[in-house]
Participant: 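There's a structure below that I have some questions on.
Not measured: the values here are computed from a predicted model. Order of the sequence lines fixes the chain letters, A, B, ..., with proteins taken first and strands second; residue numbering starts at 1 for each chain.
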Amino acid sequence: MSTIVTRIPPSPTGHFHIGTARAALFNYLFARHHGGRIVFRSEDTDRTRSKREYEDEIIEGLHWLGMEWDEFSRQSENAPRHRELLEKLVAEGKAYVSAEPAKDAPERTVEVVRLKNPGKAITFTDLVRGDITFDTTELGDFVIARSLGDPLYHFAVVVDDMDASVTHVIRGEDHISNTPRQILIQEALGAPRPAYAHIPLILDEKRAKLSKRSGATAVTDYRNEGFLPEALVNYLALLGWSPGDDREDFSLAELVATFSLEGVQKSGAAWSREKLLSVNQRWMRKLSDADFLTHLDVGRNSSYMPEERLAKTVPLLKERAQTFGEARDLLSGELACLFTAPTPSLDTLRAKEPADRPSLTKTALEGILAPLESLPDGVSVEAVKDTLMPLADAEETKGKGGRGAVLWPLRYALSGQERSPDPFTLITILGKGESRDRIRTALAILG
RNA sequence: GGCCCUAUCGUCUAAUGGCUAGGACAUCACCCUCUCACGGUGGUAAUCGGGGUUCGACUCCCCGUAGGGUCACCA
């Protein structure tokens, strides 16, 4: 039993697409699960469209997601080998050079290399779908190279897979119809046929193949938005694959242990940002507060000082944000009041004040001051709540306005917002001194 | 259009001849509650249609229908 070898063959002609990431992931999981080898191959035979910066982006993105490989190669570096085999096929009469009008400029004549098609039916076994049969006569003598020194994708792929001893080709469903012509080239070359597994495509909301116009399709976009690589990997794996039971929480290592081609779905899977967001939030919540802060990456931002106050807001961010981008938005929006003192308005402060007790707000806030002072610094939310909640409860027994008669002005005085975390949490994060200052500011406004 | 692939809640999926068709996301209701968020509980929601095979079909076969992919001197 020979070792399993899979490949990750991205084409550096564009950004690192999530479809590329998922195909790479399935190859990675399958090989690692079986203790096999992984070959990374940059498919850069199209010299005009391939760019080194795209290749760098793809490699970096793959590493970011946690994937590694055992062998690195570039298709372009294999050019001498391609030429050698192309010449061999021509010498053997299995391919021929044909002079014909150029596709883009018919007035000019060029020479292309065509494979002599035996014109037979090709049946191959797809590990996901079973036997698939094509009649290759309609392909004719198809072009396999622009010239003897310039092979086309189909030819280069077959040669490189053969030379790398690739045993399993796991790729998108859009390659199904390419398979018979690649098998024809293999047979002309006398190359062994690898096993094929075509995985379902990722579809957009409109159930069409995911493309640039479908929204964010580059892995880098998600990275910049503040998604965790663990979340993307987890979500991508579950898109078109299932462990067979109800488990949904998978790390890369757990996927390696569990993955099997048996669980691969046959039909296309629609991309769901909603679901990704929820998976990402789950992974964000698993982070320690320190790690969370590192990912948040606002360390040197002076508007979120002091540092320990920022650290204390992490639980709030974990509860509210689904990406680190959202977390940063929260800090500069809804939670900005934790770092910048508000300027409360008189009307809003008194909004919940019962008509028959016009000075309730003022006495309530004044009543908070003494117990607040009695608290030691750095206590838990629970301790703050235990100390201050009785004041609100006492007000509730008087029946006018309930706890809100105390808690509303308190929260508003502290945050300056009608929507905010609860006052006990605010006090815990702001600290005794800052809380007292803000309450006094509110009292001054009340006159 | 030719060829190929596919078809379970809105979405991702489980159930590989025998269950009230399960879970997750989303959604709705209720609870928690000063607001927001979190959390808790419960609900709505699916086997594309028609024929077979079988004691019995989500599951197997055929025909429709629908969706997707592919038809390059791109990869």
Participant: Record whether the side chain of A:R320 comes under 3.5 Å of the base of B:rC38 through a donor-acceptor pair of N or O atoms.
Facilitator: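 Answer no: no donor N or O sits under 3.5 Å from an acceptor.
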Participant: From C-beta outward on A:K275, which listed nucleotide comes closest to its side chain: B:rC73, B:rA24, B:rG22?
Facilitator: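 Nearest nucleotide to the side chain: B:rA24.
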Participant: Check the distance between B:rU35's P and A:L426's CG and give it to me in whole angstrom.
Facilitator: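 Rounded to the whole Å, the gap is 14 Å.
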Participant: Return the nucleotide paired to B:rA66: Watson-Crick means purine N1 to pyrimidine N3 with N6-O4 or O6-N4, wobble means G-U with N1-O2 and O6-N3, both under 3.5 Å.
Facilitator: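 Its partner is B:rU6.
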Participant: Can you check whether any acceptor in the base of B:rG23 is under 3.5 Å from a donor in the side chain of A:E248, or vice versa?
Facilitator: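 Side chain to base: pair present.
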Participant: Want to settle it: does A:D44 or A:W271 sit nearer the 5' end of RNA chain B, counting the closest nucleotide to each?
Facilitator: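 Final value for this comparison: A:W271.
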Participant: For A:N178, report the nucleic acid contact type (base, sugar-phosphate, nothing); a contact means any heavy atom under 4.0 Å.
Facilitator: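 Counting heavy atoms under 4.0 Å across all strands, the contact made by A:N178 includes a base.
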Participant: Pick base, sugar-phosphate or nothing for A:P101, based on heavy-atom distances below 4.0 Å to the nucleic acid.
Facilitator: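 If one applies the 4.0 Å heavy-atom cut-off, A:P101 turns out to touch a base.
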Participant: If you check the A:D422 side chain, which of B:rC73, B:rU35, B:rC5 turns out closest?
Facilitator: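 Per side-chain heavy atoms of A:D422, the pick is B:rU35.
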Participant: If you find the nucleotide of RNA chain B closest to A:K103 and the one closest to A:S177, which residue's nucleotide is nearer the 5' end?
Facilitator: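 Counting from the 5' end, the first nearest nucleotide belongs to A:S177.
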Participant: Does the Lys NZ or Arg CZ of A:R328 fall within the cation-pi geometry relative to A:F324 - under 6.0 Å from the ring centre and within 45° of the axis?
Facilitator: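 Checked: cation-pi criterion not met.
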Participant: State plainly whether the residues A:R438 and A:E434 are in salt-bridge range, i.e. N to O under 4.0 Å.
Facilitator: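 Result for this pair is yes, salt bridge flagged.
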Participant: Heavy atoms under 4.0 Å, any strand shown: does A:P423 hit a base, just sugar-phosphate, or nothing?
Facilitator: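 Here A:P423 touches the bases of the nucleic acid.
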Participant: Does B:rC74 have OP1 or OP2 under 4.0 Å away from a side-chain N or O of A:T45?
Facilitator: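 No, outside the criterion.
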Participant: Describe the nucleic acid contact of A:L201 in one word from base, sugar-phosphate, nothing, applying a heavy-atom distance below 4.0 Å.
Facilitator: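 Answer is sugar-phosphate: A:L201 comes under 4.0 Å of backbone atoms only.
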Participant: Applying the Watson-Crick and G-U wobble criteria at under 3.5 Å, what pairs with B:rU11? Answer none if nothing qualifies.
Facilitator: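 When the pairing criteria are applied, B:rA24 turns out to be the nucleotide that pairs with B:rU11.
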Participant: In Watson-Crick or G-U wobble terms, both distances under 3.5 Å, what is the partner of B:rC71?
Facilitator: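 B:rG1 is the nucleotide pairing with B:rC71.
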Participant: How far, in whole Å, is B:rU8 from B:rU47 if one measures between their P atoms?
Facilitator: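 One P to the other, the span is 11 Å.
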Participant: Can you tell me which nucleotide in B:rC4, B:rA75, B:rA26 comes closest to the side chain of A:I176?
Facilitator: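 That would be B:rC4.
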Participant: Taking a pair as Watson-Crick or G-U wobble with both distances under 3.5 Å, which nucleotide is matched to B:rA37?
Facilitator: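 For B:rA37, the partner nucleotide comes out as none, under the 3.5 Å rule.
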Participant: Between the main-chain N or O of A:L139 and the side-chain N or O of A:T136, is there a donor-acceptor pair closer than 3.5 Å?
Facilitator: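 Pair absent, no side-chain N/O of A:T136 close to backbone of A:L139.
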Participant: Name the one of A:D44, A:D160, A:D46 that satisfies side chain to side chain donor-acceptor pair (under 3.5 Å) with A:Q75?
Facilitator: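 That would be A:D160; it is the only one of A:D44, A:D160, A:D46 passing the side chain to side chain donor-acceptor pair (under 3.5 Å) with A:Q75.
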Participant: I want to check a possible cation-pi pair here: A:R193 against A:F124, using under 6.0 Å from ring centre and within 45° of the ring axis as the test.
Facilitator: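 Not flagged: A:R193 not positioned over aromatic ring of A:F124.
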Participant: On a whole-Å scale, what distance lies between the C1' atoms belonging to B:rG22 and B:rU16?
Facilitator: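 My reading of the C1' atoms in B:rG22 and B:rU16 gives 16 Å.
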Participant: Taking only the C1' atom of each, what is the distance from B:rC71 to B:rU13 in whole angstrom?
Facilitator: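 It works out to 32 Å between them.
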Participant: Scan A:V143 against the nucleic acid and name what it touches under 4.0 Å (heavy atoms): base, sugar-phosphate only, or nothing.
Facilitator: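 Sugar-phosphate contact only - A:V143 comes under 4.0 Å of backbone atoms but never of a base.
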Participant: Answer yes or no as to whether B:rG69 has its base stacked against A:H198, where stacking requires a ring-centre separation under 5.5 angstrom and planes under 30 degrees apart.
Facilitator: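 Stack criterion not met.
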Participant: In terms of side-chain geometry, is the basic nitrogen of A:E254 or A:R247 positioned less than 4.0 Å from the acidic oxygen of its partner?
Facilitator: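 Salt bridge absent between A:E254 and A:R247.
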Participant: Under a 3.5 Å cut-off for both distances, is B:rG18 Watson-Crick or wobble paired, and to whom?
Facilitator: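 Base partner found: B:rC55.
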Participant: Reckon A:G240 touches a base, only the sugar-phosphate, or nothing at all at heavy-atom distances under 4.0 Å?
Facilitator: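 A:G240: backbone/sugar contact only, no base atoms under 4.0 Å.
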Participant: Between B:rA37 and B:rA26, how far apart are the two P atoms, rounded to whole Å?
Facilitator: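 It works out to 14 Å between them.
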Participant: Taking atom P in both B:rA7 and B:rC12, what distance in whole Å separates the two?
Facilitator: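 Rounded to whole Å, the distance is 12 Å.
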Participant: Does A:R411 get its side chain close enough to the base of B:rC34, under 3.5 Å, for a donor-acceptor pair?
Facilitator: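 Looking at the base of B:rC34, it does pair with a donor or acceptor on the side chain of A:R411 (distance under 3.5 Å).
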Participant: Spell out yes or no: do the side chain of A:R403 and the base of B:rC34 have one donor N/O and one acceptor N/O closer than 3.5 Å?
Facilitator: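 No pair found.
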Participant: Touch check for A:T133, heavy atoms < 4.0 angstrom, all strands: base, sugar-phosphate only, or nothing?
Facilitator: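 Sugar-phosphate only.
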Participant: For B:rA7, does OP1 or OP2 lie under 4.0 Å from any side-chain N or O of A:R129?
Facilitator: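 For A:R129, the contact criterion (side-chain N or O under 4.0 Å from OP1 or OP2 of B:rA7) is not met.
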Participant: Report which part of the nucleic acid A:A102 touches: base, sugar-phosphate, or nothing (heavy-atom distance under 4.0 Å, all strands).
Facilitator: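 Base, at least one base atom sits under 4.0 Å.
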